Amino acid sequence: LNSYHRSFTFSDNEMRGIDDAFDKSGIKIETYISYMDMKRIPTTPQYFSQLKELIREGYKGVRFDAVLACDNDALAFMRKYRDELFPGVPVVFAGINDFDERMLDGRRDITGTIENTDYAGTIDIALKLHPATKNIVAVTDSTTTGKAYRSAVEKIRPDFPQSLGFTYLSLGDMTLDELAQKLTKLNSDSIVLLLHYFVDRNGTAYTVQESTPLLSKSSPVPVFVVVDTRMGFGALGGHLVSGYSQGETAAQMVVKILGGTDVRTIPVLLESPNIYMFDYRAMQRFSIAEKDLPQGSILINKPFSVLDRYGPQLFTILCVVIVLCGLVVFLLFEIIKRKRMEATLFKSEEKFRTI
């Protein structure tokens, strides 16, 4: 049960993680997918009620072994209607923001993985990669989400030295072009923490694809982000919330359940499975070496390398070629040895004939 819609990047990444985990499981798993479209449809009791009836009618007679609820709206829906639609069926959730134990309603047959944005982790790696940093410029907007992001950064502010400055820029106070112009004037001892930036002062909404390239290109210093959907548009990277990891981790829990594990023995993963991800092109721009990245970091936009892509296959081919070359050399020596023996035999026979 997916809270959002196809082409919503985070949700699509979750689905890829789910599919890959199921494919690797070795179990033949048949999946049914329902999209709730909650990014585009207002959340109302009437809509939830109608959706409940639609699912009830559509899946009448189908017996499910597990339900995977992606993101908060899907979990809220399952909390309300799970006993009517899927009585006794284990529920696994993914991508849950602001998780609270009360969301489980005291039930032990619900588990999953939560989604926590690691602002501190991203700032830590930013300071390591750009040690001259004296000022962090956090960019948000004036939407509810944007304010929540700023509030979260303000809460972790005491964890960093007082000598490290924090500057907050809100897209709600300016246009996107004005924000880009401000970023061009940043000193080399600053970094940008791009958090949320969808709606400007005039109420104009921008997609990630529209805003991130402009802001990243305008900034003379590295731009760090906290969600993987913002990668690939010029930002350097960070310790990111990953839709793929969320889906993959939850699907692995489902695989355990399908393999016979009691859902009540699978604890909720309270540590968000975030990943370190960096853009190779941005690394080149700011002279950051690959060896300085955390171990296990994911690199995007790295130039194609035949050795990296086909290393195991090339090693196998090389081994086969070496064996074949060895065999050829062995046969060559055998042929030479045989010819020498034949020459010796010929001389011996000629000698005996002469005698």
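Note that the numbering runs from 1 along the sequence shown for the chain. Worth saying up front: this structure is predicted, and the values here are computed from it rather than measured.
Both V208 and V139 belong to a single network of hydrophobic side chains, linked directly or stepwise wherever heavy atoms of I, L, V, M, F, W or Y lie under 4.5 Å apart. At a threshold of 4.5 Å between side-chain heavy atoms, the hydrophobic network of Ile, Leu, Val, Met, Phe, Trp and Tyr places Y168 and L215 in two separate groups. The hydrophobic cluster containing Y149 does not contain L240, counting ILVMFWY residues as joined when their side-chain heavy atoms lie under 4.5 angstrom apart, directly or transitively. There is no path of hydrophobic side-chain contacts, each under 4.5 Å, that joins V221 to I123. F77 and V62 end up in the same hydrophobic cluster when Ile, Leu, Val, Met, Phe, Trp and Tyr side chains are linked at under 4.5 Å.
Other residues sharing the hydrophobic cluster of I27, ordered by chain and number and joined by side-chain separations under 4.5 Å: M15, I18, F22, I29, I33, Y35, L68, V92, M253, V254, V255, I257, L258, V263, I266, L269. Membership of the apolar cluster around L332 extends to I336, as traced through chained side-chain contacts below 4.5 Å between ILVMFWY residues.
Between F86 and Y81, the ring center distance fails the sub-6.0 Å criterion. Note: F99 and F93 meet the aromatic proximity criterion, with ring centroids under 6.0 Å apart.
With contacts defined as side-chain heavy-atom distances shorter than 4.5 Å, the pair P90/V67 does not qualify. Within the 4.5 Å cutoff, side-chain heavy atoms of L169 are placed close to those of L179. Side-chain atoms of D71 and E14, non-hydrogen and from C-beta on, do get closer than 4.5 Å to each other. Side chains of N116 and I114 form a contact here, defined as non-hydrogen atoms less than 4.5 Å apart.
Between F160 and F166, the two ring planes are tilted [angle within 30° to 60°].
We find that E334 and R338 are not joined by a salt bridge, their nearest charged nitrogen and carboxylate oxygen being 4.0 Å or further apart. Contact check on R264 versus D262 returns a salt bridge, with a Lys/Arg side-chain nitrogen under 4.0 Å from an Asp/Glu carboxylate oxygen. In summary, D109 and R82 engage in a salt bridge, as defined by a charged side-chain N under 4.0 Å from a carboxylate O. At a threshold of 4.0 Å, the pair D279-R230 does not count as salt-bridged, since none of the basic side-chain nitrogens sits closer than that to a carboxylate oxygen. The pair E350-K347 fails the salt-bridge criterion, with no side-chain N (NZ, NE, NH1 or NH2) lying under 4.0 Å from an Asp/Glu carboxylate O. Residues R150 and E154 are paired through a salt bridge, judged by an N-O separation under 4.0 Å between the basic side chain and the carboxylate. A salt bridge links K302 with E290: the closest approach of a Lys/Arg side-chain nitrogen to an acidic carboxylate oxygen falls below 4.0 angstrom.
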Where do S170 and T140 land on the side chain to side chain donor-acceptor pair (under 3.5 Å) test, with the steps shown first?
CA-CA 5 Å; S170 173; T140 62; 4.5 Å; no

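At a cut-off of 3.5 Å, with distance as the only test, no side-chain donor of T175 or D177 sits close to an acceptor on the other residue.
Atom-to-atom distance recorded for E53:CD and E84:CD is 7.5 Å, nearest 0.5 angstrom. In this structure, CG in L129 is found 6.5 Å from CG in L236, a value given to the nearest 0.5 Å. With values rounded to the nearest 0.5 angstrom, F286 atom CZ is found 11.0 Å from S188 atom OG. Going from atom NE2 of H5 over to atom CE of M36 covers 14.0 Å, rounded to the nearest 0.5 Å. To the nearest 0.5 angstrom, R108 atom CZ is 8.5 Å from T265 atom OG1. Rounding to the nearest 0.5 Å places OH of Y244 at 9.0 Å from CG of D19.
Each of D118, T117, T122 was compared with N274 under the side-chain contact (heavy atoms from CB on, under 4.5 Å) criterion, and only D118 meets it.
Under the side-chain contact (heavy atoms from CB on, under 4.5 Å) criterion, A289 pairs with K291, D292, not counting sequence neighbours.
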